[in-house]
K.L.:
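Below you'll find the structure I mean.
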Amino acid sequence: MSVDQASNFERSLQFIKKVPVYHGTVHPYPNFNPRKDAVFLEEAINSRNVDEDTIISVLVQRNNAQRQEIKQAYESSTGKCLVKELKSELRSHLEDVVVGLLMTPAQFDAFLLRKATKGLGTNEDVLVEVLASRTNQEIRELARAFEEEYGETLEEVIENETDGDFAMALLAMLKANKNESHTIDTDLAKQDARDLFEAGEEMKGIDISVFIDILTSRSGPQLAKTFKDYSKISDVNLPKALDMELKGDIEDCLIDIVKCAWSKPAFFAEKLNKAMKGHGTCEDSLLRVMVSRSEVDLKKIMMEFKLMYGRSLQECILEDTRGHFEKILLDLCGPN
């Protein structure tokens, strides 16, 4: 091998190392033509009986960026809004998935948070799930989308709809200032473990601000190291300590933050299992997780699901759902 060839080979290796591994199940469609897809969808919508199969096939086999182009092409060619047309023809949970797929990720997250805070009661689990699992950039983008779409800031809504320690934790996550470095500071991990122990188990009551500050500002790998150090100075692990010291929304919130730090795929696998466990199915949870993670880490979530529960996600979907809702969820799982 010549010097030039060796140099080119080395550069190629560096490029390969820099390309991030993709863990989503939805990929860009090759030879993509938004105008043709707009025609396919128009024909499917206007057919004598709505052609749900074509609608599902087109939307699931295109990634989110391509769907945005299809929306523009459809409006340009028909003068109509694709989302409104589909909402008028589709029903129930299939409609919800299709509308979610046609939103940008930031718009979909904003929609989830709006739905979680609108009307009677607040869905605390969804608020925590979204804010605990998104990156700093994703939180900033969803906050912008929320204000643009609903005319008020997410901070204002959280302050009005929640209170106390729970509100403090949500607002801390909303600041989007979590350290996202993969470098672990071992000294900081030991100090944080000691601070958490002293703020909880070692004192009467609990200094919740210490827990919120550490759990919402450290990176996942950093927190994982802190949790290991915590178990060395305590007789229980951190989730158990939180369960002993706290109750209600703030307990669930902090435990979910801990679970996300340990493993986001395992966190979402548990969400999907709960959605299909026992009598009845929580369709909202199913579509929320599968739409939001389809271009992020759904492949890893499916692998974790199989490891945790001994069955594939597809098997469980086949048992718990029916019709076109079942089909679109299975298609989001990607090819077998």
Side-chain angles (χ1 to χ4, degrees), residues 24-29 31-116 118-119 123 126 145-146 148-150 275-276 280-295 298 314 317-335:
T25 55
V26 174
H27 301 263
Y29 189 73
N31 303 316
F32 172 61
N33 187 323
R35 290 185 295 277
K36 281 187 178 179
D37 286 346
V39 171
F40 292 151
L41 289 173
E42 185 182 15
E43 291 173 351
I45 291 168
N46 293 328
S47 62
R48 186 172 181 182
N49 294 312
V50 179
D51 185 355
E52 289 97 342
D53 289 334
T54 295
I55 293 169
I56 292 169
S57 177
V58 170
L59 296 183
V60 173
Q61 292 181 29
R62 277 65 172 170
N63 70 3
N64 193 272
Q66 291 174 332
R67 292 185 211 118
Q68 304 314 310
E69 291 188 51
I70 294 171
K71 282 164 61 178
Q72 293 175 353
Y74 187 93
E75 188 164 353
S76 296
S77 63
T78 67
K80 298 174 182 177
C81 172
L82 177 58
V83 174
K84 288 181 180 178
E85 290 296 297
L86 288 168
K87 287 181 75 171
S88 70
E89 298 297 334
L90 302 177
R91 296 290 177 269
S92 190
H93 304 302
L94 174 62
E95 174 193 341
D96 294 336
V97 179
V98 165
V99 171
L101 289 172
L102 286 166
M103 296 179 187
T104 66
Q107 288 170 342
F108 186 61
D109 282 344
F111 166 76
L112 294 176
L113 295 179
R114 180 65 170 183
K115 188 177 178 182
K118 190 178 179 183
N123 191 328
V126 174
F146 190 97
E148 289 172 4
E149 187 68 26
Y150 305 111
M276 296 181 284
T281 303
C282 182
E283 290 84 1
D284 281 354
S285 294
L286 275 179
L287 71 90
R288 182 180 69 247
V289 173
M290 297 195 66
V291 170
S292 67
R293 309 310 292 185
S294 61
E295 293 183 42
L298 186 53
Q314 292 97 320
I317 289 171
L318 281 166
E319 279 191 9
D320 281 74
T321 61
R322 297 289 180 272
H324 287 101
F325 180 57
E326 172 188 274
K327 176 174 172 51
I328 199 166
L329 292 183
L330 289 174
D331 284 1
L332 281 172
C333 290

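This is a predicted model, so every value here is computed, not measured.
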K.L.:
Can you measure from OG1 (Thr281) to CD (Glu319) and round to the nearest 0.5 angstrom?
P.N.:
10.0 Å
K.L.:
Mind checking the CZ-CZ spacing from Arg288 to Phe111? Nearest 0.5 Å is all I need.
P.N.:
11.0 Å
K.L.:
So, for Gln66 and His27, which heavy atoms are closest and what is the spacing to 0.1 Å?
P.N.:
OE1-O, 4.5 Å
K.L.:
Could you tell me the separation between the CD atom of Glu95 and the NE2 atom of His324, rounded to the nearest 0.5 Å?
P.N.:
14.5 Å
K.L.:
With heavy-atom distances below 4.5 Å as the criterion, would you say the side chains of Leu94 and Ile56 are in contact?
P.N.:
yes
K.L.:
Taking all non-hydrogen atoms of both residues, which atom of Ser292 and which atom of Val289 are closest, and how far apart?
P.N.:
OG-O, 3.3 Å
K.L.:
Check step by step if side chain to side chain contact (heavy atoms under 4.5 Å, CB included) holds for Asp284 and Asn123.
P.N.:
CA-CA 12 Å; Asp284 281 354; Asn123 191 328; over 6 Å; no
K.L.:
What distance separates Glu326 CD from Thr321 OG1, expressed to the nearest 0.5 Å?
P.N.:
4.5 Å
K.L.:
Carefully, step by step, assess Leu101 and Val97 under the rule side chain to side chain contact (heavy atoms under 4.5 Å, CB included).
P.N.:
CA-CA 6 Å; Leu101 289 172; Val97 179; 4.1 Å; yes
K.L.:
For the residue pair Val126 and Lys115, establish whether any side-chain heavy-atom pair is separated by less than 4.5 Å.
P.N.:
no
K.L.:
Which pair of heavy atoms, one from Met290 and one from Leu329, lies closest together, and at what distance?
P.N.:
CE-O, 3.4 Å
K.L.:
Given side chain to side chain contact (heavy atoms under 4.5 Å, CB included), test Asp331 with Gln61 step by step and report yes or no.
P.N.:
CA-CA 8 Å; Asp331 284 1; Gln61 292 181 29; 6.0 Å; no
K.L.:
Can you confirm whether Ile317 sits close enough to Met276 that some side-chain heavy atom of one is under 4.5 Å from a side-chain heavy atom of the other?
P.N.:
yes
K.L.:
Would you say NZ of Lys87 has more than 12 non-hydrogen atoms from neighbouring residues, nucleotides or ligands within 6.0 angstrom?
P.N.:
no
K.L.:
I'd like to check the ring pair (Phe, Tyr, Trp, His ring centres under 6.0 Å) partners of Tyr74; sequence neighbours left out, ordered by chain and number.
P.N.:
none
K.L.:
Kindly compute the distance separating CD (Glu52) from CZ (Arg91), expressed to the nearest 0.5 Å.
P.N.:
10.0 Å
K.L.:
Looking at Arg67 and Leu59, what are the two nearest heavy atoms and their distance?
P.N.:
NE-O, 2.7 Å
K.L.:
Looking only at heavy atoms, what is the nearest atom pair of Pro34 and Ala73, with distance?
P.N.:
O-CB, 3.7 Å
K.L.:
For Ile45 and Leu86, run side chain to side chain contact (heavy atoms under 4.5 Å, CB included): C-alpha distance rounded to whole Å, both residues' side-chain angles, the deciding distance at 0.1 Å, then the answer.
P.N.:
CA-CA 7 Å; Ile45 291 168; Leu86 288 168; 3.7 Å; yes
K.L.:
Donor-acceptor pair, Thr25 side chain versus Cys333 backbone, under 3.5 Å?
P.N.:
no
K.L.:
Identify the two heavy atoms, one from Arg62 and one from Phe32, that lie closest to each other, and give their separation to 0.1 Å.
P.N.:
CG-CE1, 3.9 Å
K.L.:
Would you say that Asn63 contacts Pro28 through its side chain, given a criterion of any heavy-atom pair below 4.5 Å between the two side chains?
P.N.:
yes
K.L.:
Distance from Leu82 atom CG to Leu41 atom CG, nearest 0.5 Å?
P.N.:
5.5 Å
